[in-house]
Amino acid sequence: MSDMRDVLTGLDRYEEFLEKLDVEIRRMNDYRIALIYSDIKYFKYINDTYGYKSGDKLLKEFASQVTEDNAYLLCAARVYSDNIVMAVRLDNDVTNEEFRDFIQRQNLEMEDTFREKYMSARLKFCTGISIISKGDRSLDPATAVSNANLARKVAKEMEDTEVVLFDSKMIEGIKKEVEITSSLTSAIGKGEFIVYYQPKVATDTMKLIGAEALVRWRKPDGKFIYPDEFIPLIERSGQIVELDYFVYREVFSFIAKRLEEGKDIVPISVNVSRAHLNKMGILSYVQDLFEEYQIPPHFIEFELTESIYIENTAKALALVEGLHNMGTKVSMDDFGSGYSSLNLLSRLPIDIIKLDKVFLKDDDIDNHLRENDKIIISCVIDMAKRLRITSLCEGVETPEQSDYLSQIGCEIQQGYYFSRPIPQFEFEEFINENSYEQEMLIAD
């Protein structure tokens, strides 16, 4: 019987769980069954920071916490890694929403307990729930679990909630995801992807000092699929690496063309997806681009989001060092968007931090910044100066915001107040028509 149990958690093995769930579904009578599929967000961070023994201990405590003294529990299993699924009896007088709220409260209580024990503000549980009723008796158990897992994945992508109920519309979302990811490679070959550029300006002079390369997808009918729609999908599929490489080559080619023609150009920043940390092929690819296009390295900057540094600090450090060895600058993008770790700024050789636009959200119709956000922005910028890190604030949309950033010494600004992201030909006109920081254009 012991071989039917997971060695680490003592829960059922997944195959055994499916057999038990099949029986429970068939015998279900005057109640429903709720499948609860959970995992621990940033579990890898716990393993990397505190060691695998601590990670195993956390996982065992997690399994014990969600199953212990639960009179409604029918069966539970560890699917893999930190993924745990359990089936519980759900009385008919409890609505789906009430049950979801109950699980949400339970998750928050566990988080408070475990955060204190493991000294980690990042510890968070993500849960998907699928409800099985009497009309679903013919439902395949694996499909039911898959539905709960799909809801968990949705929860993991969200910042404002941790528990999501399965909805059949999610299946349509999966179909759309497959459609988008399956057409990515051909779309690149057909020239459907276009690189846009959003200018950056120096606060002290209000002159053009650089730009960020952003990608847009224009379908043959002229309609655009915007990044918020396709980037998360191809990140999950791993195809984001292919798209990143496309953008890098376009940017290198653009800079080389301007230099060859003797025209002015500013440094361009490109984004680095977390997927690059798994293989690190980005370093050799970028090195090959430098050799092919022969452009000075200070014309290229790489932006890694704050979450990349947090999720795998060791690999992020290796990547930053590799890029620095080529002579490029590296920035921490979206700083303050999630679980900021200020000590990362002292540990990582970052050149620039980009404060997330969330700090510049208008508080009222007069576009006044929230006082708390003012304090945070001012303190972060002051800290960056002390660490000799350049500060950039994105999402600047009003003159009031720009003036405030000038007052507190933010060095670079970016946002719709200066320019929206624009296609290459418009950006070239922007360079030609606007003054710029001459010293930034001089090749080494």
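Being a predicted model, the structure only gives us computed values, none of them experimental.
- Side-chain atoms of T328 come within 3.5 Å of backbone N or O of L323 as a donor-acceptor pair.
- Between the CD atom of E429 and the CD atom of Q424 there is a distance of 11.5 Å, given to the nearest 0.5 Å.
- For the pair R216 and Y196, the distance from NZ or CZ to the six-membered ring centre is under 6.0 Å and the angle to the ring normal is within 45 degrees.
- A salt bridge is defined here as a Lys NZ or Arg NE, NH1 or NH2 lying under 4.0 Å from an Asp or Glu carboxylate O, and R249 with E292 meets this definition.
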- prompt: Yes or no on side chain to side chain contact (heavy atoms under 4.5 Å, CB included) for E111 and E162, after CA distance, side-chain angles and deciding distance?
  reply: CA-CA 11 Å; E111 286 171 5; E162 300 176 358; 2.7 Å; yes

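- By the salt bridge (charged side-chain N to carboxylate O under 4.0 Å, His left out) test, K263 is found to be paired with E261, residues two or more places apart in sequence or in another chain being considered.
- Interatomic distance, CG of L35 versus CG of N149, reported as 11.0 Å (0.5 Å rounding).
- In this structure, the separation between OG on S138 and CG on D136 is 7.0 Å, given to the nearest 0.5 Å.
- Looking at D12 and D6, their side chains never come closer than 4.5 Å, going by heavy atoms from C-beta outward.
- The two residues A187 and W217 make their nearest non-hydrogen contact at CB-CZ2, 3.6 Å.
- For the ring pair (Phe, Tyr, Trp, His ring centres under 6.0 Å) test, no residue two or more places apart in sequence or in another chain qualifies with F166.
- I188 is linked by a side chain to side chain contact (heavy atoms under 4.5 Å, CB included) to L184, F193, E242, L243, F246, counting only residues two or more places apart in sequence or in another chain.
- Remark: A256 pairs with Y293, I295 by the side chain to side chain contact (heavy atoms under 4.5 Å, CB included) rule, at least two apart or across chains.
- Applying the salt bridge (Lys or Arg N to Asp or Glu O under 4.0 Å) test to every pair with at least one member in residues 79-88, sequence neighbours left out, gives no pairs at all.
- Scanning for side chain to side chain contact (heavy atoms under 4.5 Å, CB included) contacts around E411 gives K385, T390, S391, with sequence neighbours left out.
- Rounding to the nearest 0.5 Å gives a distance of 4.5 Å between OG of S269 and CD of E212.
- Contact check for P199 versus F418: no side-chain heavy atoms found under the 4.5 Å cut-off.
- Side-chain atoms of N325 come within 3.5 Å of backbone N or O of E321 as a donor-acceptor pair.
- The side chain to side chain contact (heavy atoms under 4.5 Å, CB included) check on S406 picks up T203, M206, Q413, with sequence neighbours excluded.
- Y197 and F254 have tilted rings, their planes meeting at an angle from 30° to 60° on a 0 to 90° scale.
- Taking a 6.0 Å sphere around CD of E260, one finds it holds 12 or fewer heavy atoms contributed by other residues, nucleotides or ligands.
- A donor-acceptor pair under 3.5 Å links the side-chain atoms of Q198 to the main chain of S419, judged by distance alone.
- The minimum heavy-atom distance linking I84 with A63 is given by the pair CD1-CB, 3.7 Å.
- With a 4.5 Å cut-off on side-chain heavy atoms, D39 and F125 do not count as touching.
- Considering CG of L355 and CG of L392, their distance stands at 8.5 Å, rounded to 0.5 Å.
- R274 and E235 get closest at one heavy-atom pair: NH1-OE1, 4.3 Å.
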message: Walk me through whether M170 and N147 qualify under side chain to side chain contact (heavy atoms under 4.5 Å, CB included).
response: CA-CA 9 Å; M170 293 177 183; N147 291 343; over 6 Å; no

task: For S378 and Y404, run side chain to side chain contact (heavy atoms under 4.5 Å, CB included): C-alpha distance rounded to whole Å, both residues' side-chain angles, the deciding distance at 0.1 Å, then the answer.
output: CA-CA 10 Å; S378 179; Y404 176 70; 4.0 Å; yes

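- Using a 4.0 Å cut-off between a side-chain N of Lys or Arg and a carboxylate O of Asp or Glu, D264 and R258 do not qualify as a salt bridge.
- Shown here for T67 and M86, the closest heavy-atom pair between the two residues is CG2-SD, 4.2 Å.
- Partners of T127 according to the side-chain hydrogen bond (donor to acceptor under 3.5 Å, both in side chains) rule, which considers only residues two or more places apart in sequence or in another chain, are S38, N107.
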message: Evaluate M110 against R105 for side chain to side chain contact (heavy atoms under 4.5 Å, CB included), listing each step before the verdict.
response: CA-CA 9 Å; M110 285 194 299; R105 292 193 298 272; over 6 Å; no

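- Between the CD1 atom of I132 and the CD1 atom of I25 there is a distance of 4.0 Å, given to the nearest 0.5 Å.
- Checked by atom type and distance alone, the side chain of Y416 never pairs as donor or acceptor with a backbone atom of P421 at under 3.5 Å.
- Between V272 and V330, every side-chain heavy-atom pair lies at or beyond the 4.5 Å cut-off.
- Panel note: side chain S331, backbone D333; no donor-acceptor pair is recorded below 3.5 Å.
- Every salt bridge (charged side-chain N to carboxylate O under 4.0 Å, His left out) that E426 has, sequence neighbours left out, goes to R420.
- V201 places none of its side-chain heavy atoms less than 4.5 Å from the side chain of I209.
- Remark: D382 engages R386 in a side-chain hydrogen bond (donor to acceptor under 3.5 Å, both in side chains) (not counting sequence neighbours).
- Ion pairing between a basic and an acidic side chain is recognised when a charged N comes within 4.0 Å of a carboxylate O; E394 and K200 show no such pairing.
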task: Apply the test ring pair (Phe, Tyr, Trp, His ring centres under 6.0 Å) to residues H276 and Y245: give CA-CA distance (whole Å), side-chain angles for both, the deciding distance (0.1 Å), then the verdict.
output: CA-CA 11 Å; H276 291 287; Y245 286 169; 5.5 Å; yes

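- A salt bridge between K329 and D351 is absent, with no side-chain N of the basic residue lying under 4.0 Å from a carboxylate O of the acidic one.
- Closest of all the heavy-atom pairs between P349 and L317 is CD-CD1, 3.5 Å.
- Not counting sequence neighbours, E250 has no partner by the side-chain hydrogen bond (donor to acceptor under 3.5 Å, both in side chains) test.
- Counting only heavy atoms from C-beta outward, the side chains of I268 and E301 never approach each other to under 4.5 Å.
- Residues K354 and E303 are paired through a salt bridge, judged by an N-O separation under 4.0 Å between the basic side chain and the carboxylate.
- Under a 3.5 Å cut-off, the side chain of S146 and the backbone N or O of A142 do not form any donor-acceptor pair.
- Residues meeting the ring pair (Phe, Tyr, Trp, His ring centres under 6.0 Å) test with Y417, sequence neighbours left out: none.
- With S284 contributing its side chain and G281 its backbone, the two residues share a donor-acceptor pair below 3.5 Å.
- With hydrogens and angles ignored, the 3.5 Å screen pairs no side-chain donor or acceptor of E19 with any backbone N or O of E16.
- The shortest side-chain heavy-atom distance between F224 and K219 does not fall under the 4.5 Å cut-off.
- Heavy-atom minimum distance, L59 versus S81: CD2-O, 3.3 Å.
- Side-chain contact check for F299 versus V266: every heavy-atom pair is 4.5 Å or farther apart.
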